[in-house]
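What follows is a set of notes on a single structure, which appears directly below.
Only heavy atoms go into these numbers, but all of them, side chains included; no hydrogens, no water, no symmetry mates. We name chains A, B, ... by the order of the sequence lines, and we start the count at 1 in each one.
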Amino acid sequence: MAEYNPQSIEAKWQKRWEDARVFESEAEPAKKKYYVLEMLPYPSGTLHMGHMRNYTIGDVVARVKRMRGFNVMHPMGWDAFGLPAENAAIKNQTHPREWTNKNIAEFQRTLRRFGFSYDWRREISTCEPEYYKWNQWFFLRMLEKGIAYKKKSRVNWCPKCCTVLANEQVVNGGYCWRHEDTLVEVREIEQWFLKTTAYSDQLLDDLKQLEGGWPERVITMQRNWIGKSQGAKVKFAVADVPGLDPIEIFTTRIDTIYGASAMILAPNHPYVAKLLDGSPVKHHADAMLARLKKTSTKAEDIATAEKEGFFTGRHTINPFNGEKLPIWVGNFVLMEYGTGAIMAVPAHDGRDFEFCRKYGLPVRVVIQPDGVAPLDGATMEAPFEENENGKLVNSGAYNGLTPDAAIARMGADAAAKSFGKLETIFRLRDWGISRQRYWGTPIPVIYCEKDGLVPVPEKDLPVELPPNPNLTGQGESPLATTPEFVNTSCPKCGGPARRETDTMDTFVDSSWYFYRYCDPHNANAAFDPAKVAYWFPIDQYIGGITHAILHLLYSRFWCKVMRDIGLVKHDEPISRLFTQGMVLKGGTAMSKSKGNVVGAYEMAEKYGADTGRLYTLFAAPPEKDLEWSEESIEGAWRFLNRVFRLVDKHAGAIRGAGESKCEAASLNEKEKTLLRKAHQTLSRVTSDFETRWHFNSAIALVMELTNEIYAAEPLENNIRAEIRKEVLELLTLMLAPMTPHLSEELWEMLGHSEGLWKSAWPAINEDFARDDEVEIPVQVSGKVRGRLKIAAGATEEAVVELAQADAAIAAHLTGKRIVKKIYVPDRLLNLVVA
RNA sequence: GCCCGGGUGGCGGAAUGGCAGACGCUUAGGACUUAAAAUCCUGCGGGGAUUUUUCCUCAUGUGGGUUCGACUCCCACCCCGGGCACCA
């Protein structure tokens with residue numbers, strides 16, 4: 001009697017897989033390909049079971065597809081640049097590279113311990129010059145095309161850190177994450193941007209290509225993020241300050257313009273100061289402005305914040321009817337959206353209604369809903385916001401038009417008189433990629449006094465990070481205070497020049513890394529387009545919902561840029577996306593800071609990788625959150641032991657049985673029953689793997705089969721060795737994608753000299769799987785009153801006759817008339833009585 | 001406020017409109033053992049009837065509806081989780 005020893009079994013098979021190079025694959029156009037990918041990890045801390053769930057799901061898919069005959073690429077790499085490495089380096093007086101590489105080694109050790117079927121030859125690390133050289137190369141292409149550009153932009157600046165903070169590092173409504181008593185300032189700094197907005201329409205329209213393959217909610221989140229809004233911009237002249245240009249407003253409802261009661265500006269609109277200069281309200285305006293600006297910070301308050309504002313003392317002219325309107329400043333108008341100025345139409349907009357009622361501004365109805373008594377602006381209690389089921393009133397020449405028709409006409413008229421035009425705006429903004437940090441890709445640009453901005457010539461790439469940076473966490477970019485990096489010569493004139501000291505956002509690295517996997521060691525190009533053409537698009541991408549917007553949007557953008565410079569042919573890089581649920585412990589996501597992690601390596605040491613893998617697949621369906629339970633993992637461990645003992649017990653006899661085959665004709669009843677169960681299980685497990693991704697119910701089915709085999713023990717009394725072989729082999733093969741090490745071991749025990757990795761997914765034998773006899777419930781008026789054993793495929797007449805002959809059922813039929821019979825073949829009979 | 005998910009035993013969870021609770025955990029009992037662990041077997045939603053057998057009945061957040069039949073479809077509502085949020 002052997003014992004299940006996962007530690008030795010797992011080490012043994014990992015070595016054999018590696019020696020046989022089982023998971024290595026090459027682009028071979030004659031073969032059907034499958035590219036499965038899990039989001040690359042940021043190597044920090046240690047891997048816990050939350051991470052492993054992601055990789056386990058991907059590995060099951062990869063292994064199933066291999067058994068199905070696909071040429072599978074399944075790579076892994078490291079998102080190795082980023083702030084935590086730099087902060088850790090400052091704290092521990094080490095180099096970010098040292099810290100990062102130590103973590104990578106630890107991550108790799110853990111992933112290998114779990115036996116994931118990665119092609120490790122394709123491993124990439126984004127902090128290596130061989131990789132980030134191509135970030136720089138792409139940047140230069142984008143610079144040529146005008147997609148990369150520099151502009152002044154507002155950034156979050158912490159006066160104590162003396163550096164720029166990312167939005168995520170601004171906490172509690174405007175304070176620094178590391179100095180919670182320090183208010184973050186807004187500063188204007190020159191920053192590099194990528195023109196994602198040049199692709200707004202494509203990024204939106206191509207979402208259609210992803211329908212069916214991506215989760216609906218991810219598509220929705222991206223659509224909202226891009227935020228396309230069709231409307232109009234209209235210029236309103238300023239009435240009582242000479243020499244000021246007109247103020248432009250944005251509206252989606254130009255059809256309501258005759259109902260405007262005021263113009264409202266964002267508190268930080270550049271005109272506010274000009275309008276207030278010399279205004280009668282100047283004396284108290286500053287205090288009010290400060291107050292309005294303050295209310296717009298805290299996210300939670302925005303929902304409950306009351307609309308507030310003040311009159312500037314100035315007026316504007318409605319270009320459509322020449323009406324003189326007061327100009328107000330309001331806290332609910334955002335400078336970041338549209339033009340930072342709106343027209344307030346209280347009768348037809350909820351926010352304007354609230355604001356105008358509060359300050360006593362007039363409410364004028366200009367859209368009269370169909371079929372109701374005329375609305376009265378003075379008394380109405382809620383605005384009429386619909387843009388259908390109504391007609392224009394009080395709108396001069398436009399009276400009687402539907403809102404849609406009015407929008408078209410008024411847009412055209414405004415354009416003809418050049419005070420406005422219909423326009424589509426987007427919420428999406430350009431991607432700011434400048435970071436004033438060391439541990440990132442240097443932006444390959446040089447500033448020369450004579451020649452100005454000069455791109456680094458391609459032959460000089462990569463611009464490498466200096467090995468000994470001046471890392472203090474203080475002051476501006478560390479690169480700026482490292483003279484050997486900054487000082488260089490101009491590629492054009494050879495004169496003295498300075499390098500750009502900003503580095504790139506790490507989302508740049510992850511926007512195209514999956515292309516590099518196709519050709520990871522190419523020294524002459526980011527990749528060979530032919531290899532990418534074979535492997536792309538990615539057939540299945542698996543990761544957390546946390547990346548639903550930024551990473552996936554940037555990746556889509558990058559793909560389109562690459563397509564436009566001729567590197568790839570597809571519009572979208574990822575055909576199918578799967579977002580797995582989180583692993584929780586004590587109700588919250590595992591994280592080091594919460595101290596509730598279950599370490600992956602420790603897990604494998606205690607129970608073995610196969611048990612860890614099986615448990616994460618069994619405990620919940622993959623898209624849902626999973627609450628970690630130490631008791632349940634014992635159950636997974638017990639099950640694998642059970643399977644091991646079963647195979648161990650029969651392996652000797654099976655090996656002795658040689659190559660004899662199961663023949664349907666010669667089977668006895670017990671053999672038939674067992675084979676039927678095995679093939680029925682196979683049939684359902686196959687569909688759980690292929691179409692439904694219900695790994696948890698697939699495992700339940702395999703457990704059920706195992707229980708049935710145990711129930712038939714001692715098998716040797718009734719079931720011939722070749723039948724036992726067939727059944728135990730199916731069991732082994734069905735488990736193989738989930739518990740690959742154990743399955744290999746069992747496969748060998750069953751007498752196979754060739755590795756299981758060479759096996760195809762087993763074929764369902766329909767003859768074995770077919771039921772001769774089925775038990776069906778019989779309902780009388782929808783209530784189950786009995787069960788019948790019937791021959792499979794029996795006719796309705798035969799079944800009804802049997803039912804009427806059954807005493808228990810007949811009892812419910814006596815004295816009643818059968819008014820309807822519903823027979824679902826081999827499933828159910830329902831007799832409706834009156 | 002809007003948009004997604006989700007609500008089924010003590011717990012995790014199963015169920016193309018067709019026997020609700022598969023499978024696992026927990027737990028109780030039994031077998032094996034000097035004993036324990038491991039293992040194997042059996043029971044385990046509530047209520048009721050019954051002598052074992054077994055039968056009845058209620059039950060998938062709440063209230064309606066469609067249907068011969070609803071965890072599943074439709075309408076309204078409640079609760080939980082997530083995302084977005086004054087987007088003009």
query = How is A:Gly227 classified with respect to the nucleic acid when contacts are heavy atoms under 4.0 Å: base, sugar-phosphate, or nothing?
reply = nothing
task = May I ask you to evaluate whether A:Arg253 reaches the phosphate of B:C87, defined as a side-chain N or O under 4.0 Å from OP1 or OP2?
result = no
inquiry  = Between the base of B:C68 and the side chain of A:Lys820, is one N or O donor paired with an acceptor at under 3.5 angstrom?
reply    = no
message = Please determine whether a side-chain nitrogen of the Lys or Arg among A:Lys677 and A:Glu704 lies less than 4.0 Å from a carboxylate oxygen of the Asp or Glu.
response = yes
task = Could you run through RNA chain B and flag its stems, i.e. three or more consecutive Watson-Crick or G-U pairs with both distances under 3.5 Å?
result = B:1-7 with B:78-84, B:10-12 with B:23-25, B:27-31 with B:39-43, B:45-49 with B:54-58, B:61-65 with B:73-77
task = Ignoring backbone atoms, establish whether A:Arg785 has a side-chain N or O less than 4.0 Å from OP1 or OP2 of B:C56.
result = yes
query = For the residue pair A:Trp693 and A:Phe578, is the inter-centroid distance of their aromatic rings smaller than 6.0 Å?
reply = yes
Find every protein N or O atom lying less than 3.5 Å from an N or O atom of nucleotides 8-10 of chain B, and list the pairs.
none

inquiry  = Heavy atoms only, 4.0 Å cut-off, all strands: where does A:Glu713 land among base, sugar-phosphate and nothing?
reply    = nothing
request  = Measure the CD1-CD1 distance between A:Ile264 and A:Ile249 for me, rounded to the nearest 0.5 Å.
outcome  = 11.0 Å
query = Can you tell me if the side-chain N/O atoms of A:Arg684 get under 4.0 Å from OP1 or OP2 in B:A22?
reply = no
request  = Just call it for A:Val333: base, sugar-phosphate, or nothing, with non-hydrogen atoms closer than 4.0 Å on any strand.
outcome  = base
query = A:Lys820: what forms a side chain to side chain donor-acceptor pair (under 3.5 Å) with it, not counting sequence neighbours?
reply = none
Other residues, nucleotides, ligands: >12 heavy atoms within 6.0 Å of A:Arg429 CZ = no
ask   = Between the side chains of A:His812 and A:Gln779, is a donor N or O closer than 3.5 angstrom to an acceptor N or O?
value = no
task = Using a 4.0 Å heavy-atom cut-off across all strands, classify A:Arg223 as base, sugar-phosphate, or nothing.
result = nothing
key: Residue-phosphate contact under 4.0 Å: A:His694 side-chain N/O, B:G13 OP1/OP2   = no
query = Closer than 4.0 Å, any side-chain N/O of A:Asn707 to the OP1 or OP2 of B:G24?
reply = yes
message = Using OP1 and OP2 only, check whether a side-chain N or O of A:Arg787 sits under 4.0 Å from B:U54.
response = no
RNA chain B contacts among residues 621-629 of chain A, heavy-atom distance under 4.0 Å = A:Pro621, A:Asp625
task = Pick base, sugar-phosphate or nothing for A:Asn696, based on heavy-atom distances below 4.0 Å to the nucleic acid.
result = sugar-phosphate
ask   = Distance check: side-chain N/O of A:Arg827 vs OP1/OP2 of B:U16, anything under 4.0 Å?
value = no
inquiry  = Regarding A:Arg427, tell me which of base, sugar-phosphate or nothing describes its non-hydrogen contacts under 4.0 Å with the strands shown.
reply    = base
Listed pairs, N/O of protein and of nucleotides 26-33 of chain B, under 3.5 Å:
from, atom 1, to, atom 2, distance (Å)
B:U26, OP2, A:Arg638, NH2, 3.2

message = My understanding is that only residues two or more places apart in sequence, or in another chain, count here; which of them pass salt bridge (Lys or Arg N to Asp or Glu O under 4.0 Å) with A:Glu634?
response = none
